[in-house]
Amino acid sequence: MNSSNLTDRKYYSLYIGNLSGNVRPKELIQYLEQFDEVDQCQFFEANQRRWSTFAFVLMRTPDSINRLMSTRPHYLDNRRFVDKRSFQF
């Protein structure tokens with residue numbers, strides 16, 4: 001991948017918040033893969049300082065994020081999660 005592709009990758013990232021503490025990274029990835037392949041997932045579990053679980057996800061294409069955004073709301077473990085474009089990666 002050349003450097004211009006790496007620069008453009010910032011448009012492929014997504015913040016997923018308000019996840020249930022019962023959701024595991026594998027479950028989140030399986031859910032998101034109905035929209036396209038997930039390249040990377042940084043998963044942060046709830047603890048004493050964080051009351052909810054969240055993740056930063058890097059999708060294969062920006063179109064997959066558009067598809068995900070256009071089909072809101074999304075639920076995992078009977079809990080609606082927040083999905084927003086992110087510039088984390």
Side-chain angles (χ1 to χ4, degrees):
M1 187 178 294
N2 65 37
S3 61
S4 66
N5 285 344
L6 289 174
T7 303
D8 293 344
R9 296 287 292 182
K10 67 183 177 184
Y11 299 110
Y12 297 48
S13 61
L14 188 65
Y15 165 81
I16 305 289
N18 197 40
L19 291 167
S20 163
N22 297 324
V23 172
R24 305 278 47 103
K26 183 178 179 181
E27 294 169 306
L28 176 61
I29 291 169
Q30 285 175 339
Y31 180 82
L32 295 175
E33 284 184 337
Q34 66 182 311
F35 301 98
D36 200 1
E37 189 173 340
V38 173
D39 282 347
Q40 187 177 3
C41 179
Q42 293 180 325
F43 198 80
F44 300 88
E45 293 187 43
N47 60 29
Q48 289 83 13
R49 289 181 265 164
R50 283 192 300 270
W51 64 273
S52 71
T53 301
F54 64 95
F56 290 100
V57 177
L58 188 64
M59 301 295 286
R60 176 72 59 179
T61 66
D63 289 339
S64 59
I65 294 178
N66 294 336
R67 282 192 300 277
L68 179 75
M69 298 290 186
S70 69
T71 58
R72 290 179 184 162
H74 297 283
Y75 294 86
L76 269 176
D77 194 37
N78 296 318
R79 187 171 184 176
R80 183 178 177 179
F81 66 81
V82 176
D83 54 321
K84 297 180 182 181
R85 292 178 194 276
S86 168
F87 296 104
Q88 172 71 18
F89 291 96

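Values reported hereafter were calculated over all heavy atoms of this structure, with side chains retained and with hydrogens, waters and symmetry mates removed. In this chain, numbering begins with 1 at the start of the sequence shown.
In this structure, the side chains of Asp39 and Met59 stay at 4.5 Å or more apart for every pair of heavy atoms. Residues Val23 and Tyr31 have side chains not in contact (no heavy-atom distance under 4.5 Å, counting atoms from C-beta outward). Ile65 places none of its side-chain heavy atoms less than 4.5 Å from the side chain of Lys84. Taking 4.5 Å as the limit, every side-chain heavy atom of Asp36 sits out of range of all side-chain heavy atoms of Asp63.
With sequence neighbours excluded, the residues that form a salt bridge (charged side-chain N to carboxylate O under 4.0 Å, His left out) with Glu37 are Arg60. Judged as a salt bridge (charged side-chain N to carboxylate O under 4.0 Å, His left out), and not counting sequence neighbours, the contacts of Arg24 are Glu45. Partners of Arg67 by side chain to side chain donor-acceptor pair (under 3.5 Å), not counting sequence neighbours: none found.
From Ile16, atom CD1 reaches atom CG of Leu32 across 5.0 Å, with rounding to the nearest 0.5 Å. Atom NE2 of residue His74 and atom CG of residue Asp83 lie 5.0 Å apart, to the nearest 0.5 angstrom. With rounding to the nearest 0.5 Å, the separation of OG in Ser20 from CZ in Arg80 is 16.0 Å. In this structure, the separation between CD on Glu33 and OG on Ser64 is 10.5 Å, given to the nearest 0.5 Å.
Ring geometry for Phe44 versus Phe54: interplanar angle under 30°, hence parallel rather than tilted (30 to 60°).
Among all heavy-atom pairs drawn from Phe81 and Gly17, the shortest one is CB-O, 3.2 Å. Residues Thr53 and Gly21 share a closest heavy-atom pair of OG1-CA, 3.8 Å.
Side-chain atoms of Ser13 come within 3.5 Å of backbone atoms of Ser86 as a donor-acceptor pair (strictly under, hydrogens ignored). Under the 3.5 Å distance criterion, the side-chain polar atoms of Asp77 are left unmatched by any main-chain donor or acceptor of Leu19.
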Exercise. Determine, step by step, whether Asn22 and Arg79 satisfy the side-chain contact (heavy atoms from CB on, under 4.5 Å) criterion, reporting the C-alpha distance in whole Å, the side-chain angles of both residues, the deciding distance to 0.1 Å, and the verdict.
Key: CA-CA 10 Å; Asn22 297 324; Arg79 187 171 184 176; over 6 Å; no
